[in-house]
Amino acid sequence: MNNTKSAAVSNFDKQGDLPDAERHASAMQAFISEFGSRAASYMESCVRCGLCAEACHFYLTTGDEKYTPIHKIRPFEQAYLRHAGPFAPLYRFLGLTPPVNLEELERWEELIYDSCTLCGRCTLACPMGIDIAELVKEARHGMYSAGLVPDRLAHIVRNAEVKHSPFGEPADFRRTVRKIAKQHKVKIPLDAKRADLLLTTAPGDLEDNPQSVAAAARILNRLGISWTFSSDAFEATNFGYLSGNMELQKELTCRLIDKAREIGADTILLPECGHAYGAARWEAAQWYGGPTGVRILHMIEFLADRIESGAIELKKAKGSATFHDPCQLIRRGGLERAPRVILEALGFDLRELEDHGITAFCCGGGGGVLANARAEPLRLKAFELKKSQVEATKAEHFFTSCGQCRLQFTRGAQHFKWKKPIESLLEAVDAHMTAKR
Amino acid sequence: MIAFIEGPAWYAALTIFVVFSLWRLGWVLLMGGDKHKSPARASAAAGAIRNIFVDLAPRGAFLKRGKVWFVALAGYAFHLGLFAVLLFAAPHVDFIEQKLLGFGWTPMPYWGFIVTAEIAFAGLLLLWIRRFVDPVTRLISRLDDHLAAGLTFIVMLTGCLALGQQSVFLRGLHMGFVELWLVYFPFSSLFHTFTWPLSRGYSGALFGRRGIRA
Amino acid sequence: MRMLTIIALVMMVFAAPSAVSAQDFKAPVARSGPSGTAVTPPELVHPEQRLLHRGRDDISQIWRGVRMGERGTLSSKSLGTPVLVQSEGQLWRAARSTLLQTYGAYLLGLSALAVILFWLLRGRIRLKRERTGRLIERFTLSERVVHWYLAVVFLFLGVTGLILLFGRIILVPLVGKQGLAVFATAALHGHNLFGPLFALGVIAMLVLFGGDNLPKRVDFKWLVTGAGVLTGRHVPSWKFNAGEKIWFWVVIITGVAISASGLLLDFSFLATDLSQLQIAHFIHVSGALIAIAGAIAHIYLGTAGVEGALDSMVSGKVDETWAREHHELWAEASPETEASPETEAEETAGRTAPAE
Ligand code: SF4
Ligand code: SF4
């Protein structure tokens, strides 16, 4: 254990060719601008009890204390004490806290990006209620400004910036959608001038799970809703949110909302994706700069609602099922009930994981960790934890409702040659929906 | 000497405590926050209140971990013991009546004091020791955390040594450390005494607004 | 060398009584008694003592008065005697001064001497081979916490206890009689307060460490060969060697004796006879002296005396080399241990332990 610790020290990537002093300055600038009353209250409350470690899958599966959540934001905390806190001049004058230096930021890159999925489980274990997930996300803003982001993640962000989406340009999207429509024999409205509902999607679904896109289209069609995809606002994934690139986060957020308003849609429907929900449902107003005027719904929220209203009727399925709660939907999103409504309507005998609901374990791939190639060993450890809990339920089906979780599980299953298919609630609803209208 | 400790020094320490505590709290509260919030699913205020006053025991899922039990039990033992002693030890009640408020209340009986003090001591000792021997807390503990624990321990200890109440020296020693503690308080992690409702409140508001565990 | 120490010891025993026999200690029974049995001449109670009246009996005037035949009231008659100074008390005082103080001082001195001798003979015991950098868990977190909890409480009780026992001799020359009164009342209250915490620590210790300290066959070999000091060859042992096991049981046995007798002294209304309290006091002090003497050696061996020992109780981990050199059988059986040391030594030559 000790050996891996010393080996992992110089694990960082650097982007751009900013001089060191500027990198450092922009990181500090961004750090400092993050502090409001909320973050400051968190900084002022920690008693160093270490309970947050007891919640974090990365600490629990490695036993390495450097994965203690509060430790992951140390440079951020130092910046607070020296430059933003109530006694900042005192700290600087007496040298009570060393200044953050670039080398430290480089060393912390791994902790801030590779070993935090922004899952928020630690927040629930902290006796002071400190929301470390939010703090890590805020610390990423500074890291991004300094050009200290894992290369793979930076690469995806660049794609999102120049090519509209990590998936590709609007033309690529149009081509893919037509292909899916043809292959799955489903009508997919694209770039309609007016529609009530704007459907969005995620690159993972387009590439690896096109059947999921088809399923969403089929359900919306059956419900007789006026909806559309838009080739210049299809991307629900927000890599700005994940990487700490605030401008990109803002741009991606505004793009969706502006498009919805343009076509007169009152609802943006998000795909089965966790952090898309976190970014759009809970942070949109902040980046949009005011009320968006559009309802933002996650797919499972939408489905559960239509099932309860009777609009969707389902044939009963057989067998037992278990469900992985995606962090951004459940613990951070408040949708704990929705997937359970759907599973019950589907007639499955639900066998909950040992840790489920708001204290479920993260899949291990959220928060940009899945896109970060070098984090694979850590990801696999988290996967094993989930795998053992799934196996313990002896359930026949294993469901989730987030494309990122699904991808993380698929890759983990490949690695460990685990035969369990990872199923999507959306696709299950599609498969069991009776054609009513 | 004792006149100084119980007179000017006491008032000076109290002043520093009050002034800098207010400064720190005010600073944090006046930093401001996000202007725009996405539409709430449920009440943020209810969530905050719930997180501050209701959800005070570790959530079930974490009780599978021994350390969570340990910190919860030792933590509550220490804090409850400390507050009981602080507010209900007979000499403290006398002191509060004579020097602070002008009125007092019924103190604990002697045996009650002994039991509570023992509980508080055991809790503090166990928590402080863990700081040194658990790699996690060893890594994250700051000098401040040790000073805070150490000063609190000394204050409690000198208080108990002065139990006989016939030595002015011991009484002065206790008072002296209390003053040191008061001066250190607003600058240290002891300040979590006042900030915990803020930080729990902010997180609770987030839970509430998002309808988490609605 | 051993002969020499024995001679020195015998000489000291004979020389000592003259040094301490003049001691004039208060009868400890009434001193540490709870409010129920305390003697309360009303005119001696100061107003500020009305609430926490434990400890006011330290005021020496009370005793001067008592010894001069002044009558007081005994608020509890459970001990069956309204006599304030009984003749057993005199006997008791003699036993305490000569036996406990004298032999106690020797015991502690002897222990310190033994440590010094051991240090002169063996020096700091260092690792013979290179560290492998691979760590084996020796003590779990709970074991470490309980160990240090007991250690801290023990040290505090030891110091306060010694002040109570030897205060007159050692402190009066330093701080004067007035000063001693302060020290004594402080020590007494601290001692009484921390006592129950010690009892809990002993129980926790027994639960956590008891299993690994049961005697095994190899322990006899370890003992017979004098830990290999005589033969010059290391005697393998399991997690604890016979020396450590003996220390463990000394801690447990004296710990139980000290706790039980101490609790009786704390709650002396439970006693039905004064002599019970006197016996309890005797057991309490002699047990404590044995434990302190042992602790002196234990502290030396656990810190400066043996390289890597302290670390095992702080981080809980030891290097594989340490495990093999000190507790071979345990190291072999540990799941974390890798191949045998010979092949390993070559592989890891030149590799240093990580800084953390
Ligand atoms: S659990 Fe909370 S208070 Fe404890 S160390 Fe972690 S962040 Fe700090
Ligand atoms: S948010 Fe999740 S991954 Fe990040 S530190 Fe907390 S528990 Fe660990």
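In what follows, every chain begins at residue 1, and chains take the letters A, B, ... in the order their sequences are listed.
Between chain B and the residues A:Gly120, A:Ala39, A:Gly50, A:Ala360, the largest count of heavy-atom pairs under 4.5 Å involves A:Gly50. The residue among A:Gly357, A:Gly85, A:Ala284, A:Pro127 with the most heavy atom pairs within less than 4.5 Å of chain B is A:Gly85. Your options are B:Phe70, B:Phe207, B:Phe20, B:Trp27, and the one with the most heavy-atom pairs under 4.5 Å with chain A is B:Trp27. Between chain A and the residues B:Trp196, B:Trp23, B:Phe191, the largest count of heavy-atom pairs under 4.5 Å involves B:Trp23. The candidate with the highest count of non-hydrogen atom pairs below 4.5 Å against chain B, out of A:Gly129, A:Gly36, A:Pro86, A:Gly333, is A:Pro86. The choice from B:Arg209, B:Arg65, B:Arg130 that makes the most heavy-atom pairs within less than 4.5 Å of chain A is B:Arg65. The residue among A:His356, A:Arg295, A:Arg337, A:Met128 with the most heavy atom pairs within less than 4.5 Å of chain B is A:Met128.
Both the backbone and the side chain of B:Pro135 come within contact range of chain A, each with at least one heavy atom under 4.5 Å from a heavy atom of that chain. If you measure heavy-atom distances from B:Pro39 to chain A, the contacts under 4.5 Å come from both the backbone and the side chain. If you measure heavy-atom distances from B:Arg59 to chain A, the contacts under 4.5 Å come from the side chain alone. With a 4.5 Å cut-off on non-hydrogen atoms, B:Leu29 touches chain A through its backbone but not through its side chain. Contact of A:Leu60 with chain B is made through the side chain alone, with heavy-atom distances under 4.5 Å. Within the 4.5 angstrom heavy-atom criterion, only side-chain atoms of A:Leu90, from C-beta onward, approach chain B. Interface remark: A:Tyr277 contributes side-chain atoms only to the contact with chain B (heavy atom separation under 4.5 Å). Looking at B:Phe194, neither its backbone nor its side chain comes within 4.5 Å of chain A, counting heavy atoms on both sides. With a threshold of 4.5 angstrom between heavy atoms, B:Phe187 approaches chain A through its backbone and through its side chain. Neither the backbone nor the side chain of B:Leu143 has a heavy atom closer than 4.5 Å to any heavy atom of chain A. Residue contact with chain A, scored on non-hydrogen atoms closer than 4.5 Å, is absent for B:Arg138. At a 4.5 Å heavy-atom cutoff, the contact between B:Val136 and chain A is made by backbone and side-chain atoms alike. Of the two parts of A:Glu34, neither the backbone nor the side chain holds a non-hydrogen atom closer than 4.5 Å to a non-hydrogen atom of chain B. Using a 4.5 Å cut-off between heavy atoms, A:Ala125 contacts chain B through both its backbone and its side chain. Contact of A:Ala84 with chain B is made through backbone and side chain together, with heavy-atom distances under 4.5 Å. With a threshold of 4.5 angstrom between heavy atoms, A:Ile358 approaches chain B through side-chain atoms but not through N, CA, C or O.
Taking each heavy atom of B:Lys67 and A:Leu51 in turn, the nearest pair found is O-CD2, 4.0 Å. B:Met31 and A:Ala40 make their closest contact through SD-CB, 3.3 Å (heavy atoms, listed as atom of the first residue, atom of the second, distance). A:Cys46 and B:Ser189 make their closest contact through O-CB, 4.4 Å (heavy atoms, listed as atom of the first residue, atom of the second, distance). Nearest approach of B:Arg210 to A:Arg332, heavy atoms of both residues: NH1-O, 2.8 Å. Closest heavy-atom contact between A:Ser41 and B:Ser199: O-CB, 3.7 Å. When all heavy atoms are compared, the tightest approach of B:Ile212 to A:Arg331 is CD1-O, 2.9 Å.
Side-chain contact check for B:Thr195 and A:Tyr42: no donor-acceptor pair (N or O, by modelled atom type) lies under 3.5 Å.
Environment of CZ in B:Arg171: sparse, with no more than 12 heavy atoms of neighbouring residues, nucleotides or ligands closer than 6.0 Å. More than 12 heavy atoms of other residues, nucleotides or ligands lie within 6.0 Å of CZ in B:Arg142, so this atom counts as buried by the packing criterion.
In this structure a side-chain-to-backbone donor-acceptor pair under 3.5 Å is missing from B:Ser203 to A:Ile130.
We find the SG-CZ distance between A:Cys126 and B:Phe62 to be 10.5 Å, quoted to the nearest 0.5 Å. The CZ atom of A:Arg48 sits 6.0 Å away from the CD1 atom of B:Ile140 when rounded to the nearest 0.5 Å. The OG atom of B:Ser188 lies 9.5 Å from the CZ atom of A:Phe87; values are rounded to the nearest 0.5 Å. Note that CD of A:Glu134 is 6.0 Å distant from CG of B:Leu206, once rounded to the nearest 0.5 Å.
A:Glu44 places none of its side-chain heavy atoms less than 4.5 Å from the side chain of B:His192.
A salt bridge between A:Glu336 and B:Arg213 is absent, with no side-chain N of the basic residue lying under 4.0 Å from a carboxylate O of the acidic one. Salt bridge B:Lys64/A:Glu354: present, at least one basic N to carboxylate O contact under 4.0 Å.
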